[in-house]
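Working notes for the structure below.
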Amino acid sequence: SQELEQSPQSLIVQEGKNLTINCTSSKTLYGLYWYKQKYGEGLIFLMMLQKGGEEKSHEKITAKLDEKKQQSSLHITASQPSHAGIYLCGADWAQKLVFGQGTRLTINP
Amino acid sequence: GAVVSQHPSWVICKSGTSVKIECRSLDFQATTMFWYRQFPKQSLMLMATSNEGSKATYEQGVEKDKFLINHASLTLSTLTVTSAHPEDSSFYICSAVARDRGLGQYFGPGTRLTVT
């Protein structure tokens, strides 16, 4: 079973629209990472969250970690074609990074 | 930022042969490196944890005799796919933990392996 569940698995939005990707864990998240990837390429680090209730933003991307530290969301405002790709959440457990199954984001013009 | 390189970036080999992939931390020392595999349209799956100077720790279901990992120095880990088969074709990504920069992981650009 997947320790980290991402939803949705696939998302198609129109350019300019907002969107949210969720990452849910069955265990407490002591370090939650968000990465972006285009398949066949490396990972681009987006943000890391550690504290319950923490929220970080970079440009049009905001990531939050809930108070219970078992769920995180990634929100993109006014999406652009450059946001297209695969978004992965990763959890730091026992000094290993375990990933969710990824969310494939497509931005339609 | 910390830089991790992988070599080669892509490789094609014949079934039954072995291929070695290198992962290097260019501007920091990495006590631990991780090897991931990614199949098309799937997420990254951790294969093994490589610690400098000791044997690698493999995840369940990963054959250690097939995927040989050697972490010879604080800046280099290698993954050798032995007796490769077409089902080993995948995208392999390494990451390194920077000892002097907390426990953040830095990822390499990946290596695409195609076994014919």
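Sequence lines set the chain letters: A, B, ... in the order given, protein chains first and strands last, and positions in each chain run from 1.
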Is it the case that over 12 heavy atoms from other parts of the model lie below 6.0 angstrom from the [atom1] atom of [X]?
| X | atom1 | answer |
| --- | --- | --- |
| A:K56 | NZ | yes |
| B:H7 | NE2 | no |
| A:E55 | CD | yes |
| A:K36 | NZ | yes |

Given heavy-atom pairs under 4.5 angstrom as the criterion, report whether the side chain, backbone, both or neither of A:L88 touches chain B.
side chain
Check whether B:E59 gets within reach of chain A through its side chain, its backbone, both or neither, counting any heavy atom under 4.5 Å.
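The side chain, not the backbone.
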Quick one: pull up CG in A:L43 and OH in B:Y36 and give me the separation to the nearest 0.5 Å.
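So the gap between those two atoms works out to 9.0 Å.
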Which one, B:L46, B:L44, B:T111, leads in non-hydrogen pairs under 4.5 Å with chain A?
B:L44
Determine, using the 4.5 Å side-chain heavy-atom cutoff (strictly less than), whether B:V115 and B:F67 are members of one ILVMFWY cluster.
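Same cluster: B:V115 reaches B:F67 through Ile, Leu, Val, Met, Phe, Trp or Tyr contacts under 4.5 Å.
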Decide yes or no for A:Q37 and B:F91: does some side-chain heavy atom of the first lie under 4.5 Å from some side-chain heavy atom of the second?
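Side chain of A:Q37 against side chain of B:F91, heavy atoms only: contact under 4.5 Å found.
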